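One-based numbering, in listed order, for ligands and for the atoms of each. Everything quoted here is computed from the prediction, not taken from an experiment.
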Amino acid sequence: MFESLRKKLNTFKERVSTKESELNNEGIEDAESQEPAYEVLEEVSCEPTTPKVIDAEEGGHASESVEQPKQHVELSNDKITASDKSFFERKIKEKDLEDSLWDLEIALLESDVAVSVSEEIVATVKEELVGTKRKWRQDVGALVEQALRDGILKVLDVNGLDFDEIIKNTPKPVTVVFTGINGTGKTTTIAKVAYRLKNQGYSVVLAAGDTYRAGAIEQIERHAENLGVKLVKHKQGADPAAVIYDAVQYARAKHKDVVLADTAGRIHTNVNLMNQLKKIERVIDADLVVFVDEALAGNDAVERALHFNTTMAIDGSILTKVDADSKGGTAISIAHATSKPILFLGIGQNYEDMIKFDPQWLMTRLFDEADA
Ligand SMILES: Nc1nc2c(ncn2[C@@H]2O[C@H](COP(=O)(O)OP(=O)(O)OP(=O)(O)O)[C@@H](O)[C@H]2O)c(=O)[nH]1
Ligand SMILES: [Mg+2]
């Protein structure tokens with residue numbers, strides 16, 4: 001999972017670290033040849049508390065830019081010792097990062113992160129790093145990693161809707177409708193959510209709202225049998241809004257907690273099928289509308305989510321087949337693009353193969369796991 005993106009982020013980290021250490025070495029060489037890239041404003045003492053260094057490239061000669069009287073230190077081999085170097089500070093400069101930031105943007109795009117989202121991540125990383133003063137020996141990799149983490153977390157930070165809280169706090173029965181294009185994993189996801197809710201002690205009713213595709217009713221029926229939950233169904237070709245309505249009525253009458261409604265997969269350009277969703281929205285007034293798409297779809301999933309959102313406003317997304325996606329960009333983009341959170345990730349074909357999405361979980365996958 002996410003190996004490719006993890007490697008690309010790591011490459012960025014290493015590139016910036018290497019570049020900065022090269023610049024440091026140049027600084028040392030310059031200092032040793034009496035042409036310091038670093039100008040010392042106060043004598044470098046052995047006390048690690050008050051070193052102050054200004055980069056000559058940025059501030060020009062210190063004697064011009066700083067008013068207070070100061071004492072120059074002759075920079076020579078015997079004056080700059082290894083321990084002195086650790087007191088020097090150097091600012092990370094925009095021009096030193098330019099190439100790496102451009103590569104980062106390309107790497108994010110190659111990893112299926114949407115253009116606007118990539119730009120925003122790069123902007124945060126740049127803002128955080130440029131101008132950062134760091135000590136001679138400070139680990140640049142750690143600074144870069146923190147900037148990347150902050151950039152990604154920022155784009156994942158959408159409204160804090162929590163699926164479990166909604167189920168807990170909404171008057172019963174809670175109605176959840178699942179939408180999305182064909183074959184993305186809606187029906188399987190409904191079965192996974194039913195499994196999860198059952199394990200949490202809720203009673204669940206499934207609605208066979210895909211009356212369009214041959215075999216769809218039988219498919220969800222099998223899941224209902226496996227899971228031991230009630231299925232409300234009509235015949236193939238029936239009005240899906242009527243099926244879901246009946247399921248809600250059934251749940252009310254029998255005091256069931258949650259109705260999970262399947263719908264037919266539909267391409268967002270199919271006007272008739274999209275209008276059917278509008279009817280479901282009018283008739284049902286669902287508590288939650290969940291858009292399901294596969295992580296593998298990359299930017300297409302983001303585009304589709306936006307289209308579905310205009311027909312039937314979505315409250316959150318579930319990304320499936322994350323187990324088969326090495327890129328990771330869809331997970332980073334979809335929440336930001338739709339301003340709606342990712343609720344769960346599907347990570348396999350079994351009922352238990354679904355995890356609640358948590359931005360920190362993604363951070364662990366991207367930064368803390370050993371390279372696969
Ligand atoms: N590897 C993997 N496969 C999954 C996951 N979720 C669903 N699938 C598989 O994807 C295929 C399609 O799943 P369905 O649940 O039928 O998809 P759907 O969106 O309901 O499809 P339609 O009803 O045709 O629109 C099945 O073979 C599922 O087993 C997942 O998280 N990981
Ligand atoms: Mg289905």
Before you tell me yes or no, could you show the steps for T187 and D262 under side chain to side chain donor-acceptor pair (under 3.5 Å), namely the whole-Å CA-CA distance, both residues' side-chain angles and the distance that decides it to 0.1 Å? CA-CA 6 Å; T187 309; D262 199 8; 2.9 Å; yes

Side chain to side chain donor-acceptor pair (under 3.5 Å) assessment of Q219 paired with R213: CA-CA 10 Å; Q219 183 190 4; R213 179 171 66 74; 2.5 Å; yes

Could you go step by step and tell me if K186 and D210 meet the salt bridge (charged side-chain N to carboxylate O under 4.0 Å, His left out) rule? CA-CA 10 Å; K186 292 178 296 302; D210 181 357; over 6 Å; no

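When ring centroids are compared, H223 and Y351 come within the 6.0 Å threshold. Aromatic ring centres of F308 and F291 lie closer together than 6.0 Å.
Summarising the contacts of atom 24 (O) of ligand 1 with Q349, R266, R213, the nearest heavy atom is found in R213. Selection from T184, L345, D323 by nearest heavy atom to atom 32 (N) of ligand 1 gives D323.
Side-chain polar atoms of N272 and Q276 form no donor-acceptor pair below 3.5 angstrom. Looking at S203 and D257, their side chains do bring a donor and an acceptor atom within 3.5 Å of each other.
Protein heavy atom closest to atom 17 (O) of ligand 1, with residue, atom name and distance, is G185 N, 2.9 Å. Nearest to atom 12 (C) of ligand 1 among the protein's heavy atoms is G183 O, 3.7 Å.
Close N/O approach between A264 and ligand 1 is not found [any backbone or side-chain N/O within under 3.5 Å]. Taking only nitrogen or oxygen atoms, main chain and side chain alike, V322 does not reach within less than 3.5 Å of ligand 1. Ligand 1 has a nitrogen or oxygen under 3.5 angstrom from a nitrogen or oxygen of K192. Note: an N/O pair closer than 3.5 Å links K186 and ligand 1 by distance alone. Note: an N/O pair closer than 3.5 Å links K321 and ligand 1 by distance alone. Annotation: T189 places no N or O atom under 3.5 Å from an N or O atom of ligand 1; distance criterion only.
Look at I347 and you'll find a heavy atom under 4.0 Å from some atom of ligand 1. Distances from ligand 1 to the non-hydrogen atoms of G180 include no value under 4.0 Å. A heavy-atom separation below 4.0 Å is found between Q219 and ligand 1. Contact between G348 and ligand 1 is present, with at least one heavy atom of the residue lying under 4.0 Å from the ligand.
A salt bridge links R149 with E145; the closest basic N to acidic carboxylate O contact falls under 4.0 Å. Under a 4.0 Å N-O distance rule, the pair D164/K356 qualifies as a salt bridge. For K192 and D353, the salt-bridge test fails: no basic side-chain N is under 4.0 Å from an acidic carboxylate O.
Looking only at side-chain heavy atoms (C-beta outward), F357 and I318 stay at 4.5 Å or farther from each other. Within the 4.5 Å cutoff, the side chain of V290 has no heavy atoms near those of the I314 side chain.
Short contacts between ligand 1 and T188, defined as distances under 4.0 Å to a heavy atom of the residue, involve ligand atoms 7 (C), 13 (O), 14 (P), 15 (O), 28 (C). Near G265, meaning under 4.0 Å from one of its heavy atoms, ligand 1 places the atoms 25 (O). Counting atoms of ligand 1 from 1 in the listed order, those under 4.0 Å from a heavy atom of G346 are 31 (O). Below 4.0 Å from some heavy atom of D210 lie the following atoms of ligand 1, by number and element: 23 (O).
Residue Q219: no N/O/S atom is found under 2.8 Å from the Mg ion (ligand 2).
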